[in-house]
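Within every chain, numbering begins at 1; the chains are lettered A, B, ... in the order of the sequence lines, protein sequences first and strands thereafter.
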Amino acid sequence: MPELPDVEGFRRTFSKRAKGKRVRAVHGIDSSMLRNTSPQGLARALKGKQFDSPERQGKLLICPADGVALLLHFGMTGTFVWCASGPRHDHDRMTLVFDDGELRYRNMRKFGGIWLAHEQRELEQIRGRLGPDWQSVSRKQFDGLLERRKASLKAVLMNQAVAAGLGNLTADEALWQARIDPRRKASSLDSSERRILYQKIQKVLRDSVPYGLVPAKRTWLTGARGRRNGICPRCGARLERETVAGRTTVFCPAEQR
DNA sequence: GCTCATGTTCCCCT
DNA sequence: CAGGGGAACATGAG
């Protein structure tokens, strides 16, 4: 699930469940999810700390707590589960225990990861691999991002170092709404196409964020891409399915030019 | 058994 | 150096 809208939903969950609360314990840490610390290091660093407001940069969730920060990436199957208590689920990779319940980081496929930053410099280093969050990219900045890019639009939109947060679904959705072929070279768009694409990227994100996911609306590509012989919700043409930039890409061959 | 999956990284070519 | 292709990672679901 996790693209920008999903992680924004996780940020809201974290804010509701953990912000302002003190960590009583950290349980069930799967060491293979840890990128720069050990289960003991993580548990010791967080125990007794009080979480502050969580932030998000692209698909990365940043949870500051009294001078340290917990960073979470959800990969393709990560999510949060809040519960009063209860048995550990097979895919729970870390449980934050509070007085009023537990917030579990659940991740079936174990992509993604967990980082611990002890200081600002360390935090910046981890965030540094990511470009600006897509929701903070201005219209003018957008032109600069596409400039001189030799790769396809699909590849550039999904490149987290260019700007962070778009994934396979949101990139396809924005390109479909903008009626632009995902295989085109990023630097080949004229100014009118760039304007439309920017507008559609922002619209897809804005419309999706309240749901905390990319909604499968009937009027959206996302609502049709799941089916094997999907039909374009706008024109009724048979949707095309092709690997672009290493990912299954769905588009309307009749409209996307 | 086989294919595919909302992500990222690394290696080898061109 | 910039990109593309493919594999790997781990675990299902259909």
Side-chain angles (χ1 to χ4, degrees), chain A residues 1-11 29-36 56-61 71-80 88-94 105-115 125-131 133-134 144-177 182-188 201 204-205 207-209 211-217 220-230 239-251:
Chain A
M1 298 150 69
E3 296 188 22
L4 186 153
D6 309 80
V7 181
E8 180 57 21
F10 300 151
R11 193 194 62 76
I29 300 170
D30 180 336
S31 62
S32 69
M33 297 296 310
L34 303 180
R35 299 294 192 85
N36 68 344
R56 182 186 57 69
Q57 183 174 354
K59 305 169 188 173
L60 185 67
L61 183 64
L71 289 89
L72 298 174
H73 194 291
F74 294 83
M76 287 176 91
T77 56
T79 191
F80 274 142
R88 183 179 180 280
H89 184 282
D90 261 6
H91 303 142
D92 288 344
R93 309 300 180 190
M94 178 187 65
Y105 169 77
R106 189 169 291 178
N107 193 334
M108 181 182 81
R109 285 171 74 186
K110 298 174 71 167
F111 294 168
I114 301 171
W115 293 256
Q125 192 179 312
I126 300 165
R127 296 174 62 146
R129 323 185 62 149
L130 300 175
D133 187 89
W134 267 108
L145 297 184
L146 300 190
E147 227 172 15
R148 289 186 299 281
R149 289 275 170 187
K150 295 174 187 167
S152 66
L153 278 165
K154 179 69 182 268
V156 171
L157 295 189
M158 292 213 308
N159 182 343
Q160 305 298 302
V162 170
L166 290 182
N168 202 33
L169 292 189
T170 42
D172 280 4
E173 186 65 48
L175 287 161
W176 176 79
Q177 290 194 18
R183 299 166 295 186
R184 280 180 58 187
K185 221 166 87 168
S187 55
S188 75
I201 288 169
V204 167
L205 295 177
D207 289 352
S208 299
V209 156
Y211 294 89
L213 50 80
V214 187
K217 295 175 189 258
W220 278 26
L221 175 69
T222 306
R225 68 177 296 148
R227 287 180 289 280
R228 46 279 175 242
N229 289 318
L239 292 170
E240 195 123 336
R241 183 174 285 266
E242 181 180 313
T243 298
V244 181
R247 304 302 303 277
T248 297
T249 299
V250 180
F251 61 98

Nearest-angstrom distance, [atom1] atom, [N] to [M]:
N      : M      : atom1 : value
dC2(B) : dA7(C) : P     : 15 Å
dT3(B) : dG6(C) : P     : 15 Å
dC1(C) : dT8(B) : P     : 23 Å

Students often get this wrong, so: under 4.0 angstrom with heavy atoms, is [X] touching a base, only sugar-phosphate, or nothing?
X       : result
S32(A)  : nothing
G112(A) : nothing
T77(A)  : nothing
R241(A) : sugar-phosphate
G246(A) : nothing

Restricting to nitrogen or oxygen on both sides, can you table the protein-nucleotides 9-13 of chain B pairs closer than 3.5 Å?
none

R88(A) CZ: over 12 foreign heavy atoms closer than 6.0 Å: yes
Is [X] close enough to [N] that one of its side-chain N or O atoms is under 4.0 Å from OP1 or OP2 there?
X       : N       : answer
H91(A)  : dG12(C) : yes
T248(A) : dA5(B)  : yes
R247(A) : dT6(B)  : yes

Rounded to the Å, how far apart are [X] [atom1] and [N] [atom2]?
X       : N       : atom1 : atom2 : value
M76(A)  : dA13(C) : CE    : C1'   : 13 Å
K110(A) : dT8(B)  : NZ    : C1'   : 16 Å
F74(A)  : dC9(C)  : CZ    : C1'   : 19 Å
L169(A) : dA5(B)  : CG    : P     : 10 Å

Check: R149(A) side chain, dA2(C) base, donor-acceptor under 3.5 Å: no
Secondary structure of DNA chain B in dot-bracket form (Watson-Crick or G-U wobble, distances below 3.5 Å, | marking inter-strand pairs): .||||.||||||||
Donor-acceptor under 3.5 Å (R56(A) side chain, G58(A) main chain): yes
Backbone of I29(A) reached by a side-chain donor or acceptor of S31(A) within 3.5 Å: no
Verify stack between F111(A) ring and dT8(B) base, 5.5 Å, 30 degrees: no
Closest to side chain of K150(A), choosing from dG4(C), dG3(C), dT6(B): dG3(C)
M108(A) vs Q160(A), nearer the 5' end of DNA chain B by closest nucleotide: M108(A)
Closest contact, heavy atoms only, G78(A) versus F10(A): O-CZ, 3.5 Å
